[in-house]
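In what follows, a single structure is set out as structure tokens and then discussed.
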Amino acid sequence: MTTEDQKKAAALAAFDYVKSGMKVGLGTGTTANHFIRELAARAKGGLDVECVASSRATFKLASDLGLKMTTLEKHPHLDVTVDGTDEFDASFQLIKGGGGALLVEKIVASSSRYMVVIADQSKKVATLGRFPLPVEVVPFGINATAWKIERALRICNLKGKLVLRQKQGKPFVTDSGNAIIDVAIGAIPDARRLDHLLGSIPGVVDHGLFIDICGIVLMGTDDGVKTFRKA
């Protein structure tokens, strides 16, 4: 199976967790898009769901496909969120944010009874850190925030290369109007500690470590979809 085939297979497997009457959080990115397109097709066939989008791009895709959309203001408790990931480990810890929607993705996922991650087999890692960690920061005082991020890394005995994300030659701007610093670290043996330290930095809005949020991972492989469930 190709990588896209694995993503599609995982997306289809996610429908074991989606029933009529549910409020469904929609992730952002190419893998989540496979789920959204199939969800729209099933909605036209009678599946009755209302959806909350995690980005403007996701909202546009879902709306254009005819899905019924709602908000967390109207429905602050969702039944399930289905989203992709940049990588995951055996402890159900994730790095997300490659598409720049990490803040709202985390809000939506943490507002759900379940977060179901769909992924191809390349996303499984022994230790988080192969994918650069996105850190969303307010535009004011980026350099000051950056050295505080470096200090947090040193406390964790880590080193990282910090790069301000660019798009078309200009600083990338998230849907919330913030910037993203991508931090290439390598292996992160204690992601929970780094999560805590980054969250305590003034100027850091959020970051791509998803700790204690995901409980189910559906991974497409050459041999079918493998299901990982958190005890």
Side-chain angles (χ1 to χ4, degrees), residues 1-70 75 77-102 104-106 108-125 131 208 210 213-231:
M1 296 175 70
T2 67
T3 297
E4 288 304 308
D5 289 335
Q6 293 174 10
K7 291 178 180 180
K8 291 178 183 177
L12 290 175
F15 285 92
D16 288 344
Y17 304 92
V18 179
K19 310 297 180 186
S20 277
M22 282 188 167
K23 305 296 185 290
V24 181
L26 304 179
T28 294
T30 58
T31 306
N33 287 348
H34 287 303
F35 172 78
I36 293 167
R37 292 188 180 96
E38 179 63 25
L39 182 64
R42 296 193 184 202
K44 290 177 181 177
L47 182 65
D48 183 19
V49 295
E50 288 187 272
C51 304
V52 172
S54 59
S55 67
R56 292 173 187 165
T58 290
F59 182 87
K60 184 178 187 308
L61 174 63
S63 298
D64 288 349
L65 291 172
L67 284 166
K68 290 192 292 186
M69 307 304 294
T70 187
H75 299 287
H77 303 288
L78 305 180
D79 295 292
V80 63
T81 285
V82 179
D83 201 352
T85 189
D86 294 307
E87 60 183 33
F88 72 95
D89 66 13
S91 298
F92 296 84
Q93 300 177 133
L94 317 174
I95 286 183
K96 289 179 53 57
L102 62 99
V104 181
E105 285 178 328
K106 191 176 287 188
V108 171
S110 63
S111 300
S112 306
R113 187 177 182 188
Y114 299 108
M115 181 190 190
V116 177
V117 164
I118 50 178
D120 63 86
Q121 63 187 9
S122 72
K123 301 302 191 297
K124 190 173 190 299
V125 297
F131 192 89
F210 280 51
I213 296 177
C214 169
I216 301 167
V217 177
L218 305 174
M219 183 179 73
T221 74
D222 291 336
D223 301 317
V225 177
K226 293 185 178 180
T227 300
F228 302 91
R229 292 175 179 270
K230 193 172 184 179

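- If you check the side chains of Lys7 and Thr30, you find a donor sitting under 3.5 Å from an acceptor.
- Between Ala13 and Val225, the shortest heavy-atom distance links the atoms CB-CG1, 3.9 Å.
- For CZ of Phe228, the number of neighbouring non-hydrogen atoms (other residues, nucleotides, ligands) closer than 6.0 Å is greater than 12.
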Could you go through residues 32-39 and list every donor-acceptor pair under 3.5 Å that involves a side-chain atom there, pairing it with any protein atom two or more places apart or in another chain?
| unit_1 | atom_1 | unit_2 | atom_2 | d |
| --- | --- | --- | --- | --- |
| Asn33 | ND2 | Gly29 | O | 3.3 |
| His34 | NE2 | Glu4 | OE1 | 2.8 |
| Glu38 | OE2 | Arg42 | NE | 2.8 |

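- The closest side-chain heavy-atom distance from Leu78 to Met22 is not below 4.5 Å.
- Remark: Thr81 OG1 to Ile213 CD1 distance equals 10.0 Å, nearest 0.5 Å.
- Atom CG of Leu61 and atom CG of Leu26 lie 9.0 Å apart (nearest 0.5 Å).
- At a cut-off of 3.5 Å, with distance as the only test, a side-chain donor of Ser122 or Asp120 sits close to an acceptor on the other residue.
- Between Ala101 and Ser54 the shortest heavy-atom distance is CB-O, 3.8 Å.
- Closest approach of Gly27 and Glu105 over heavy atoms only: C-OE2, 4.5 Å.
- Here the NE2-CD distance, from His75 to Glu50, works out to 4.5 Å after rounding to the nearest 0.5 Å.
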Next item on the list: Could you check Leu94 against Met115 for side chain to side chain contact (heavy atoms under 4.5 Å, CB included), going step by step and ending with a plain yes or no?
Entry: CA-CA 11 Å; Leu94 317 174; Met115 181 190 190; 3.9 Å; yes
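- Annotation: Lys8, atom NZ; neighbour count of heavy atoms from other residues, nucleotides and ligands within 6.0 Å does not exceed 12.
- Considering Val24, Leu218, Asp79 in turn, Leu218 is the only one that fulfils the side-chain contact (heavy atoms from CB on, under 4.5 Å) rule with Tyr17.
- Looking at Lys96, Lys123, Lys106 one by one, the single match for salt bridge (charged side-chain N to carboxylate O under 4.0 Å, His left out) with Asp83 turns out to be Lys96.
- Checking side-chain atoms of Asp86 against main-chain N and O of Phe131 turns up no donor-acceptor pair under 3.5 Å.
- For the residue pair Ile118 and Thr31, the shortest heavy atom distance occurs at O-CG2, 3.4 Å.
- Two residues are said to be in side-chain contact when any heavy atoms from C-beta on lie closer than 4.5 Å; Phe88 and Gln93 fail this criterion.
- In this view, Lys230 and Phe92, Asp212 satisfy the side-chain contact (heavy atoms from CB on, under 4.5 Å) rule, not counting sequence neighbours.
- Smallest separation of non-hydrogen atoms from Thr28 and Ser55: OG1-OG, 2.8 Å.
- Checked by atom type and distance alone, the side chain of Ser20 never pairs as donor or acceptor with a backbone atom of Val49 at under 3.5 Å.
- Summarising the local packing, NZ of Lys68 is surrounded by more than 12 heavy atoms from other residues, nucleotides or ligands at distances under 6.0 Å.
- Asp222 places a side-chain N or O within donor-acceptor distance of the main-chain N or O of Met1, the cut-off being under 3.5 Å.
- Contact between Glu87 and Thr85 at its shortest, heavy atoms only, is O-OG1, 2.9 Å.
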